[in-house]
Amino acid sequence: MKAETSRRTILAGGSAAAGASLLGGCVQPTMAGMLDGADWRRGHRLRDGSFPAPDGPVQDIDVVIAGGGVAGLATGWRLADAGFANFTLFELEDRTGGNARSGRNAVSAYPLGAHYLPVPNRDAAALRYMLRSFGMIVGDAPDGPVYDPYQLCADLEERLLWRGEWQEGLFPQSGLPSGQQAQRQRFDQSMDYFRRAVGLDGRPAFTIPSVLSSVDPRFTALDRLNFADWLDSEGFTAPALRAYLRYCCRDDYGAEPEDVSAWAGIHYFAARRGWAANGDGDRELTWPEGNDRLASLMAARIHSNLRPAHTVFRLAVTAEGRAELDVFDHTAGRSRRLRAKVAILAMPHFVAARVAPSVCSPGGLSYAPWVVANVTVSRPPEGKGVPLAWDNVSTASDALGYVVATHQTTSAALGPTVLTWYMPLSRETPQVARKIMLTRSLERWQEIVRADMLAMNPDLDGAIERIDVWRWGHAMIRPTPGFLTDPARLAARSAHPPVLFAHSDLSGLSLFEEAHHHGVAAAEMALTHLGHAFESIA
Ligand SMILES: Cc1cc2nc3c(=O)[nH]c(=O)nc-3n(C[C@H](O)[C@H](O)[C@H](O)COP(=O)(O)OP(=O)(O)OC[C@H]3O[C@@H](n4cnc5c(N)ncnc54)[C@H](O)[C@@H]3O)c2cc1C
């Protein structure tokens, strides 16, 4: 076991592990589980700058990718797909995948972060190309690509606990006054208008990848307002609608509607036009391990180029126009220097600004902290109303509910499973929330998660075997008002070799499709710069 695993709190054993904690006045046996998360010690070391000076000869290389999340992996995958091999990908953590990493126990694989990919838009050509190469798109029909049905989320996709009964979908379908239902319909019509809207530049007002969206000020001006104010100004004030929209903002952006740009709030509803045959356009792709299925497939393609447990801690541009990078090897405890024709920073923007201050300024970007808990249960949850869905949400909870890791397998309805519980810490400022997150004990998190799970599913009493808690301090960028014109983000987007950027932060929206787009774009720009012949897939 490496020394750094001491940051983990481990309570070994089964549900009857030794020890006890006070809960609700009665003594509960301590729950098995582990407290873990993104490696903040390695991250903070970048801030403190305590790395040894590089030793050994300087290594010359064509391309360095710094960061092995979805964007960095997509960069490497695209280079390899174009027949280009002279590159190395350095990843700070022991494993690649970034926020799309997963865990596994004896019951199932499960997500630690990103868990689904909606069927991509027609605009996402490079992503479709990759899904086809992975065998997830299996053919073409007149109405669009044919997806392998086993990759699409099985029925039931979503259910909502509303007034004690589970209903299909995420918006209450019964028991609402007609005025509230009417507002929901008017909201849907409004989003439909934005979904169809085209700017004076001929581009869709909202699409994914977002760089292909219109820059017509009629739409981009929405970025000056926050989503809550825009909803107020449009008369969308019905409590059930506002609760649903709050859920959506927290689900995609980890932030409250008051902190989300109105452009981003509308983007959530208006940008998706999934393109697929058989009416599958509004479905989602998901796997037990979540988006790590895709991250791992990309990583497998470039296995020999990957260097996990390596932090890129300094980048500067030399007088000869090369990118000079200093990299710390966490296993060997040594630093070395590389000189690259192109360096692609596929790390969050706030980290890139620290690593390469001469070419990247921090800007006004902020990041949402999230907690994800994987709850292993001896039997699947039930409940009054519709049966268990993949995604299960309660209107009475401040968390975002849970997804079922074994939903895609036929045995899901019978045996033990893992339920992945999500919670963005959006009520506090990110700084305060991060402090809470780092100081709260495993036992306290387990109490919170257990109480929330049992409030949704009292039938799980006695069935919870362990709760593993994962913390993301800087989980995702928050698209706050003004993010569209943030100069630091725009400068990073228009960078040229020798230093390029590739991360979902370039879009300001933390989505698989955005990360993938920027990874592919950076790879193709690097190939052009190096004079390597290829056919663009973008
Ligand atoms: C809880 C949670 C749930 C989510 N759910 C979904 C979902 O269901 N669907 C979806 O589309 N999106 C989801 N997301 C968003 C997800 O973040 C993006 O989809 C995508 O995975 C982001 O990829 P990225 O490469 O842009 O960034 P990251 O995942 O942030 O990758 C950056 C990588 O760079 C590494 N790195 C940082 N600094 C250095 C350094 N100095 N040297 C070397 N390496 C470094 C990091 O360790 C990391 O691996 C979720 C995010 C979270 C946190």
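Start at 1 and go down the list; that is how both ligands and their atoms are numbered. Values below: every heavy atom of this structure, side chains too, minus hydrogens, waters and symmetry copies.
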(Q) Is a donor from one side chain sitting under 3.5 angstrom from an acceptor on the other, for W275 and N121? (A) no
Q) Just checking, is any N or O donor in the side chain of T311 or R45 under 3.5 Å from an acceptor N or O on the other one? A) no
Q) Counting only heavy atoms, which portion of L117 has something under 4.0 Å from ligand 1: side chain, backbone, both, or neither? A) neither
Q) Just heavy atoms, cut-off under 4.0 Å: does F90 contact ligand 1 by side chain, backbone, both, or neither? A) backbone
**Q.** Selection from E513, R101, M347 by shortest heavy-atom distance to atom 37 (C) of ligand 1
**A.** M347
Q) When you look at E447 and R444, which way does the salt bridge (Lys or Arg N to Asp or Glu O under 4.0 Å) test go after all the steps? A) CA-CA 5 Å; E447 283 172 8; R444 182 69 193 116; 2.8 Å; yes
**Q.** Protein heavy-atom partner closest to atom 4 (C) of ligand 1 - residue, atom, separation in Å
**A.** A114 CA, 3.3 Å
Q) Nearest protein heavy-atom contact for atom 30 (O) of ligand 1: which residue, which atom, what distance? A) H503 NE2, 3.0 Å
Q | Salt bridge E256-R246, side-chain N to carboxylate O under 4.0 Å | A | yes
Q. What protein heavy atom sits nearest atom 19 (O) of ligand 1, and how far off is it?
A. F512 N, 3.0 Å
Q.
I need the nearest protein heavy-atom contact for atom 31 (O) of ligand 1: residue, atom name and distance, please.
A. G69 CA, 3.3 Å
Q. Are R101 and E289 within salt-bridge range, i.e. N to O under 4.0 Å?
A. no
Q. In the protein, which heavy atom is nearest to atom 25 (O) of ligand 1, and how far is it?
A. A71 N, 2.8 Å
Q. Near N291, which atoms of ligand 1 are under 4.0 Å from a heavy atom of that residue?
A. 9 (N), 10 (C), 11 (O)
Q: Could you verify whether a donor N or O on one side chain and an acceptor N or O on the other, from S507 and E514, lie under 3.5 Å apart?
A: yes
Q: Would you mind running through ligand 1 and noting each atom that sits below 4.0 Å from a heavy atom of E93?
A: 47 (O)
Q: Do me a favour and list the nearest non-hydrogen protein atom to atom 53 (C) of ligand 1 with residue, atom name and distance?
A: A475 CB, 3.4 Å
Q) Would you say H115 and ligand 1 have an N/O pair spaced under 3.5 Å apart? A) yes
Q. With a 4.0 Å heavy-atom cut-off (strictly under), which part of V351 contacts ligand 1: side chain, backbone, both or neither?
A. side chain
Q. For atom 41 (N) of ligand 1, which of V312, L92, N99 has the closest heavy atom?
A. V312
**Q.** H310 heavy atom under 4.0 Å from ligand 1
**A.** yes
Q. What's the shortest distance from atom 3 (C) of ligand 1 to any protein heavy atom, and which residue and atom give it?
A. G113 C, 3.4 Å
Q: Before giving the answer on side-chain hydrogen bond (donor to acceptor under 3.5 Å, both in side chains), spell out for Y110 and N105 the whole-Å C-alpha distance, their side-chain angles and the decisive distance to 0.1 Å.
A: CA-CA 8 Å; Y110 49 78; N105 64 19; 4.8 Å; no
(Q) Is it the case that over 12 heavy atoms from other parts of the model lie below 6.0 angstrom from the CD atom of E168? (A) no
Q. Should E428 and R434 count as an ion pair when the cut-off is N to O under 4.0 Å?
A. no
Q: Starting from atom 9 (N) of ligand 1, locate the nearest protein heavy atom and write down its residue, its atom name and how far away it is, to 0.1 Å.
A: Y116 O, 2.9 Å
**Q.** Subset of ligand 1 atoms that lie under 4.0 Å from at least one heavy atom of W370
**A.** 1 (C)
Q. So, are R450 and D452 salt-bridged, with charged N and O less than 4.0 Å apart?
A. no
Q) Does ligand 1 have a heavy atom under 4.0 Å from the side chain of V372, from its backbone, from both, or from neither? A) side chain
**Q.** Proximal atoms of ligand 1 relative to S504 (non-hydrogen, under 4.0 Å)
**A.** 22 (C), 24 (P), 26 (O)
Q: Would you please classify the geometry between the F313 ring and the F51 ring as parallel, tilted or perpendicular, with 30° and 60° separating the classes?
A: parallel
(Q) Check D398 with R427, please: is the shortest side-chain N to carboxylate O separation under 4.0 Å? (A) yes
Q. Given that the side chain starts at C-beta and the backbone is N, CA, C, O, which of these parts of M476 lies under 4.0 Å from ligand 1, counting heavy atoms, or is it both or neither?
A. side chain
Q) Which option out of R471, R45, E91, R95 puts a heavy atom nearest to atom 48 (C) of ligand 1? A) E91
Q) Of G519, S510, A74, which has the heavy atom at the shortest distance from atom 12 (N) of ligand 1? A) S510
Q: Would you check if the distance from the ring center of W390 to the ring center of Y116 is below 6.0 Å?
A: yes
(Q) Only heavy atoms of L46, strictly under 4.0 Å: list the atoms of ligand 1 that pass. (A) 41 (N)
Q: Compute whether any side-chain donor of one residue and acceptor of the other, for S366 and R478, lie under 3.5 angstrom apart.
A: yes
(Q) Residue-level breakdown please: for A346 versus ligand 1, do any non-hydrogen atoms fall below 4.0 Å on the side chain, on the backbone, on both, or on neither? (A) backbone
Q. What part of D505 sits under 4.0 Å from ligand 1 if we count only heavy atoms: the side chain, the backbone, both or neither?
A. neither
Q. Just by distance, do the side chain of N392 and the backbone of A389 share a donor-acceptor pair under 3.5 Å?
A. yes
